[in-house]
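Please read the structure below before turning to the comments.
Each chain gets a letter, A, B and so on, in the order its sequence line appears, and its residues count up from 1. None of the values given here were measured: they were computed from a predicted structure.
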Amino acid sequence: MNRDEYKQGLDVHTPVFIDGHSVEIPVLKILNHDGTVFPGAELPEINQELAVKIYQSFVFHRVLDERMVASQRQGRLSFYLTALGEEATTIGGTAGLKPQDMIMAQYREQGALIFRGFSLENFMNQMFSNEKDLGKGRQMPIHYGSNDLNYMTVSSPLATQIPQASGYAYGQKLQGLDAVTLCYFGEGAASEGDFHAGLNMAAVHNAPVIFFCRNNGYAISTPSDEQFRGNGIASRGVGYGIKTIRVDGNDVLAVLKATQVARDYAVKEHKPVLIEGMTYRLGAHSTSDDPTGYRTREEEDKWQKNDPVLRMKKWMEANNWWDDSQENELKEQYKEKILAAVKVAEKIDKPPVEDLITDVYDIPTPQLTRQLNELKEHIKKYPYAYPFTAGRIK
Amino acid sequence: MNRDEYKQGLDVHTPVFIDGHSVEIPVLKILNHDGTVFPGAELPEINQELAVKIYQSFVFHRVLDERMVASQRQGRLSFYLTALGEEATTIGGTAGLKPQDMIMAQYREQGALIFRGFSLENFMNQMFSNEKDLGKGRQMPIHYGSNDLNYMTVSSPLATQIPQASGYAYGQKLQGLDAVTLCYFGEGAASEGDFHAGLNMAAVHNAPVIFFCRNNGYAISTPSDEQFRGNGIASRGVGYGIKTIRVDGNDVLAVLKATQVARDYAVKEHKPVLIEGMTYRLGAHSTSDDPTGYRTREEEDKWQKNDPVLRMKKWMEANNWWDDSQENELKEQYKEKILAAVKVAEKIDKPPVEDLITDVYDIPTPQLTRQLNELKEHIKKYPYAYPFTAGRIK
Amino acid sequence: MAQMNLLQAINNALDIAMSENDRTLCFGEDVGHFGGVFRATSGLQEKHGKARCFNTPLVEQGIIGFANGLAAQGSVPIAEIQFADYIFPAFDQIVNETAKFRYRSGNQFNVGNLTIRTPYGGGIAGGLYHSQSPEAYFAHTPGLKVVVPRNPYQAKGLLLAAIRDKNPVIFFEPKRLYRASVGEVPEEDYQLPLGKAEVVKEGKDITLLAWGAQMEIIEKAADLAEKSGISCEVIDLRSILPWDVDTVSASVIKTGRLLINQEAPLTNGFASEIAATIQDECFLHLESPIERVCGMDTPYPLALEKEYVADHLKVFEAIKRSVNF
Amino acid sequence: MAQMNLLQAINNALDIAMSENDRTLCFGEDVGHFGGVFRATSGLQEKHGKARCFNTPLVEQGIIGFANGLAAQGSVPIAEIQFADYIFPAFDQIVNETAKFRYRSGNQFNVGNLTIRTPYGGGIAGGLYHSQSPEAYFAHTPGLKVVVPRNPYQAKGLLLAAIRDKNPVIFFEPKRLYRASVGEVPEEDYQLPLGKAEVVKEGKDITLLAWGAQMEIIEKAADLAEKSGISCEVIDLRSILPWDVDTVSASVIKTGRLLINQEAPLTNGFASEIAATIQDECFLHLESPIERVCGMDTPYPLALEKEYVADHLKVFEAIKRSVNF
Ligand SMILES: Cc1ncc(C[n+]2csc(CCOP(=O)(O)OP(=O)(O)O)c2C)c(N)n1
Ligand SMILES: Cc1ncc(C[n+]2csc(CCOP(=O)(O)OP(=O)(O)O)c2C)c(N)n1
Ligand SMILES: [Mg+2]
Ligand SMILES: [Mg+2]
């Protein structure tokens with residue numbers, strides 16, 4: 001916005017304050033809780049095939065989350081993190097993209113990878129940090145990444161991916177690609193300085209990036225009313241001069257629609273869009289967390305009734321695209337596959353000792369090579385102390 | 001804002017985006033260019049005494065800036081920075097406070113110190129970094145600070161004072177003081193992550209801080225339309241849920257009014273306020289800068305006509321509170337005093353060598369004491385190389 | 001005396017500090033009602049109120065900025081950074097602001113009341129973002145004090161000293177010992193001195209020096225060495241900044257050998273500073289090169305954590321190398 | 001060959017890089033039309049367009065975050081931080097992101113194309129916030145390369161190498177030499193190697209080591225020493241990370257003595273790392289303690305800059321101390 005333009009606000013001669021109430025933020029809703037489409041609603045581009053793909057992704061996601069939490073409880077896995085209740089934001093959002101679009105996620109977006117077809121083996125190898133992990137066993141479980149699927153490797157420091165997404169998208173634009181970057185983050189992460197940096201830079205440099213805030217009400221134990229006092233995250237988009245839309249994040253068709261429209265706009269206008277998906281983190285923050293200490297059962301129950309998967313299912317059934325027997329069969333199938341995959345992955349070797357020093361630089365420095373050689377000599381002296389690697393050192 | 005509250009936005013079933021146009025930001029104006037008060041305008045609390053004090057501060061400010069730039073040109077001073085054209089934001093803002101209110105400034109707010117009565121000697125000793133400088137000659141010219149006057153020492157890294165101001169104000173509130181913190185910053189500095197952090201934290205923790213953005217159109221060479229795309233800085237206040245007001249920053253009565261009202265609100269409600277003062281940096285960024293390379297003469301001329309000092313003068317004259325002869329006499333007087341003060345300050349010794357290590361900690365560490373002793377021995381060997389201190393080492 | 005783990009000792013110190021001075025505050029991400037993700041601030045909000053113990057928004061630069069402001073105002077902020085790996089967004093507030101606040105104002109203002117607490121270090125299968133030991137990043141910053149306790153007793157005494165010290169202190173808590181390290185801790189108030197190392201065990205052939213969680217590593221290595229007939233003097237540095245050159249020098253002058261064990265990567269870690277200083281201070285007394293046994297020069301790994309870490313076996317080998325030089 | 005000052009050499013290198021590859025971008029605060037506050041990017045926007053050379057908003061964490069994203073995407077970003085003193089807001093993006101990007105993804109993604117340029121150092125009456133030399137803060141961070149040129153010829157060759165290197169490089173430019181250092185620079189393209197020190201002058205009694213603007217200090221001190229009959233070998237380290245241990249060791253084995261001169265404060269500066277490594281590598285060859293002549297352990301002063309700095313006289317005294325040990 002040009003300086004002269006915004007200066008042409010109304011003149012007043014007594015103090016008039018503006019505040020959160022000065023901006024009305026509509027919420028896009030397409031699917032009603034009973035699975036019917038709201039009268040007058042504009043459906044997203046969707047056909048039976050896409051609908052089934054989305055729904056199957058939901059089913060897989062739920063089974064995966066459930067099985068992995070169980071594995072963690074059994075002590076087979078060190079850590080896991082479910083996305084229970086907010087699957088529509090990630091699966092619906094990804095369904096609104098093209099495969100060449102880059103996704104830069106926070107960590108609770110396994111739905112995006114599921115939709116894009118990340119293999120079960122890839123999931124497992126990452127979580128069991130074995131030598132087949134694409135990330136070479138270097139990050140905690142759930143820090144997935146896939147170059148093939150244009151899904152940037154997740155990094156734990158929150159919000160760092162937000163300005164990165166702006167830069168990534170700017171690069172896509174300069175190359176003239178038909179591609180955008182979609183950047184996921186939580187309403188908690190949106191408090192970081194990097195959020196401010198990323199949104200402002202995208203606005204100023206006209207980067208085709210879709211910022212997608214999963215506003216799920218909590219950042220670990222911190223409820224969103226101790227996180228900010230504005231009207232959600234959407235109200236901030238206004239301040240950056242970014243086109244902004246709030247959607248019911250548990251309405252997968254609304255999420256899909258918003259993302260499709262946002263993508264269109266971002267590609268054509270080379271400008272960013274902010275989507276705020278209103279949802280709820282139904283589960284614990286992670287397997288290290290227990291939410292009973294900081295929120296009520298009633299609150300959880302309320303949101304339990306607002307299940308995005310169930311809502312879509314009703315719509316699918318009304319369309320005769322889905323039924324219970326299909327669902328049960330699929331669930332069983334996924335469950336078995338996942339159990340089998342866990343068993344395979346947990347037996348695969350840890351990465352070789354050489355992987356300690358690779359990828360720090362493109363080529364290990366002399367110092368690193370020396371440190372590795374010293375380590376190998378050491379391991380040979382004490383093989384019993386380093387059972388994962390001792391047997392494989394030449 | 002509570003989560004349930006903001007969720008009750010309008011439901012829509014086709015995508016509706018909000019953007020910069022969704023929020024109308026009125027501009028508070030009290031004094032017209034001809035020095036008359038706008039019909040219906042609510043005057044701030046002001047009497048002749050305060051008006052004269054404000055106006056005299058303006059005059060002093062202009063003479064000081066003019067003389068110090070000249071001193072810099074003559075090579076007597078290493079660096080200076082004027083506030084030409086935006087004096088109403090700092091003098092008017094400070095006039096709206098009480099003496100016990102803390103001011104945390106950026107660097108272009110000498111007007112605040114002038115209004116609060118920082119002595120000419122203190123200004124000079126800082127700029128000439130001599131041993132009488134309250135800051136002990138450690139910072140570049142214009143980095144003033146005064147504990148007595150509740151003016152926090154200026155620090156060059158931009159925006160760092162913003163979250164600090166939130167914390168300072170929170171402390172004032174906890175102590176139950178009748179005091180607020182006023183935090184000045186430029187529209188450029190508002191791009192920093194610390195701006196986001198500071199405003200959000202003040203909102204969440206209900207800190208009585210007045211954020212005062214001097215939107216003067218430039219950050220060194222960068223015009224504000226390459227700095228952000230929102231509707232100025234005020235539009236961001238909405239996103240934080242902070243009461244926000246935009247004022248004509250060249251209308252000292254509007255600035256005074258806004259600050260008085262903001263202070264009242266902040267003290268009573270224990271909540272932050274954001275004021276955006278729309279103004280223009282008429283001079284160069286600093287004596288190291290030359291703006292002819294990045295902006296037009298026409299633009300400068302336009303703003304030259306919007307002089308805050310002249311506007312107030314017309315009002316003062318209409319009230320019979322001021323006339324030209326008073327002004328000329330005062331200017332001459334200030335000029336002489338300043339010239340004399342420069343001559344005194346530049347002859348005062350540099351700080352003693354001991355001040356190299358004081359104030360790093362409350363008490364110098366053994367390492368620092370040793371480093372100082374070694375340095376003194378060294379200086380004794382080569383006194384000619386360290387003329388400022390050699391003569392004074394015992 | 002009571003049996004406490006390291007978390008309880010810290011919680012107890014915080015409680016004492018908040019009880020004695022109602023201007024003392026504890027805050028950070030999830031620090032309030034929940035008591036912090038490690039529960040170090042458990043119960044403090046209930047006891048001292050929401051105004052003095054609270055959750056902050058998720059913004060480390062804001063937490064420290066806010067804390068700097070509070071400290072300048074005369075309050076006594078104790079800010080928690082949830083993991084030391086996440087202290088970097090606050091780096092500017094710490095290095096450019098906290099550390100230089102008193103100096104740049106000519107002592108007109110200061111943030112000496114500030115304490116920053118943060119869990120650091122590996123050994124918890126945390127990978128590269130839940131395992132870092134960033135003390136060296138701060139050790140190059142005059143104006144800060146940096147402290148690392150090794151057990152519950154040390155933690156309580158050093159933390160109380162840090163909170164009351166008139167300089168800003170970063171207090172790194174060895175998170176792998178939070179529950180693992182248990183010991184006798186006086187229930188009453190006490191302080192341990194900042195800037196002073198502690199000789200934990202006397203010996204004559206070599207000085208072993210570490211801090212925080214690595215203390216148990218060098219103690220274990222010392223035991224191994226003793227079995228081979230090597231007598232080790234074991235020192236806990238405790239304070240990284242300012243550090244106790246005299247105690248370390250005196251020991252090295254006696255033993256003629258120094259080994260420093262550090263969890264962080266080798267290059268430009270704090271062990272480098274110690275080695276550089278001691279080779280100067282004790283040049284004529286050193287019988288072998290100063291050994292640094294450190295993390296490798298890579299990010300902290302996950303699957304290969306065991307191989308990566310500067311464990312007691314690597315220390316033991318280095319002891320033999322030094323003694324047999 | 002042409003006479004260029006250090007700024008012109010840098011500008012020339014940037015122009016070559018932008019001309020050879022249209023995915024190369026230069027950006028930062030005031031970098032666009034204005035050409036940067038020091039004018040290092042002067043003319044680049046006019047020549048290469050606004051899309052490739054532009055002003056950014058005033059947010060260092062954003063500049064580097066944006067640059068990380070561009071680099072990951074395959075563009076070649078050259079980001080400017082206006083003063084090295086203002087690099088700290090970007091510390092998290094550099095230390096947690098840039099440095100670990102390739103490693104954490106198992107080489108699926110990398111930001112090797114990134115170069116960060118920033119003016120550093122004192123001697124310009126800039127006080128504590130326009131004088132810092134923060135190279136040591138980055139030297140503790142595996143995954144980064146850190147380079148400091150000493151003159152226009154070095155600056156052009158090293159900057160071109162940094163831009164083309166497949167790893168992220170922080171390029172510290174000695175701002176007090178921007179206009180003061182003038183020399184012959186080839187107009188055509190050339191590169192100088194990263195990770196390699198240069199023996200600037202051979203000698204036999206003592207090795208003097210520095211980097212960047214301090215090179216002229218040790219050369220001046222070497223001249224003084226030569227007059228007293230002390231023969232100095234003078235080495236420019238050039239790369240801080242990774243650093244050339246071999247060249248330095250070989251020299252110290254020859255001379256038996258080492259002095260390191262560093263602009264930054266003493267404690268935990270990069271001189272500490274060098275001293276720690278060399279006392280180990282060259283233990284039996286060292287005839288005196290390794291000398292570190294550095295800034296004092298305080299923020300950088302203003303009025304007393306002359307007293308504070310590690311000047312040639314302090315170096316000269318340390319040379320004599322070392323030789324007469
Ligand atoms: C910079 C940083 N600070 C703190 C953390 C620790 N942390 C991990 S997740 C989390 C909460 C994030 O909440 P939100 O962004 O709302 O995402 P959600 O978990 O709800 O999906 C915190 C504080 C971190 N990973 N990075
Ligand atoms: C963190 C940081 N980055 C960069 C700078 C260099 N710098 C000094 S002033 C300035 C422009 C500030 O503009 P604005 O905030 O609009 O204030 P104005 O000069 O207009 O009063 C810049 C970039 C700095 N001091 N600190
Ligand atoms: Mg959340
Ligand atoms: Mg400005």
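With values rounded to the nearest 0.5 angstrom, C:Glu263 atom CD is found 8.0 Å from C:Ser131 atom OG. Atom CD of residue D:Glu80 and atom CD of residue D:Glu60 lie 11.0 Å apart, to the nearest 0.5 angstrom. D:Leu128 CG to D:Leu302 CG: the interatomic distance, rounded to the nearest 0.5 Å, is 9.0 Å.
Your options are C:Ser288, C:Gly127, C:Ala90, and the one with the most heavy-atom pairs under 4.5 Å with chain D is C:Ser288. Ranked by heavy-atom pairs under 4.5 Å with chain C, the list D:Asp92, D:Asn268, D:Ile94 is led by D:Asn268. Between chain D and the options C:Val95, C:Thr298, C:Asn96, C:Ile260, heavy-atom pairs under 4.5 Å are most frequent for C:Asn96. Between chain D and the residues C:Gly143, C:Pro299, C:Ala275, the largest count of heavy-atom pairs under 4.5 Å involves C:Pro299. When the candidates C:Glu273, C:Arg104, C:Glu281 are compared by the number of heavy-atom contacts under 4.5 Å with chain D, C:Glu273 comes out ahead. Note on C:Pro142, C:Pro242, C:Ala139, C:Ala136: by heavy-atom pairs under 4.5 Å with chain D, the leading option is C:Pro142. The candidate from D:Glu291, D:Met296, D:Gln279 with the greatest count of non-hydrogen atom pairs under 4.5 Å with chain C is D:Gln279. Between chain D and the residues C:Pro265, C:Pro301, C:Ala271, the most heavy-atom pairs under 4.5 angstrom are made by C:Pro265.
With C:Thr207 as the partner, the side chain to side chain contact (heavy atoms under 4.5 Å, CB included) test is satisfied by one option alone out of C:Thr247, C:Ile253, C:Thr255: C:Thr255. Only one option out of D:Val323, D:Ile290, D:Leu208 pairs with D:Leu259 in a side chain to side chain contact (heavy atoms under 4.5 Å, CB included); it is D:Leu208. Exactly one of C:Phe270, C:Phe91, C:Tyr120 qualifies for a ring pair (Phe, Tyr, Trp, His ring centres under 6.0 Å) with C:Phe138. That residue is C:Phe91.
Interface residue D:Glu287: only backbone heavy atoms are found under 4.5 Å from chain C. The contact between C:Gln132 and chain D is made entirely by side chain atoms (from C-beta outward), counting heavy-atom distances below 4.5 Å. The part of D:Leu284 that comes within reach of chain C is its side chain, from C-beta onward, which places non-hydrogen atoms under 4.5 angstrom from that chain. Only the side chain of C:Gln61 comes within contact range of chain D, with at least one heavy atom under 4.5 Å from a heavy atom of that chain. Using a 4.5 Å cut-off between heavy atoms, D:Gln93 does not touch chain C at all. C:Tyr103 touches chain D through its side chain: at least one heavy atom from C-beta onward sits under 4.5 Å away, while N, CA, C and O do not. For C:Leu241, the part lying near chain D is the side chain, with the backbone staying farther off; criterion is any non-hydrogen pair under 4.5 Å.
In this structure, C:Tyr129 has its ring center no closer than 6.0 Å to that of C:Phe83. Here the two rings, on C:Tyr308 and C:Tyr300, have centers that are under 6.0 Å apart.
Looking at C:Arg257 and C:Asp205, no side-chain N of the basic residue comes within less than 4.0 Å of a carboxylate O on the acidic one, giving no salt bridge.
In this structure, D:Lys314 contributes its side chain and D:Val309 its backbone to a donor-acceptor pair below 3.5 Å.
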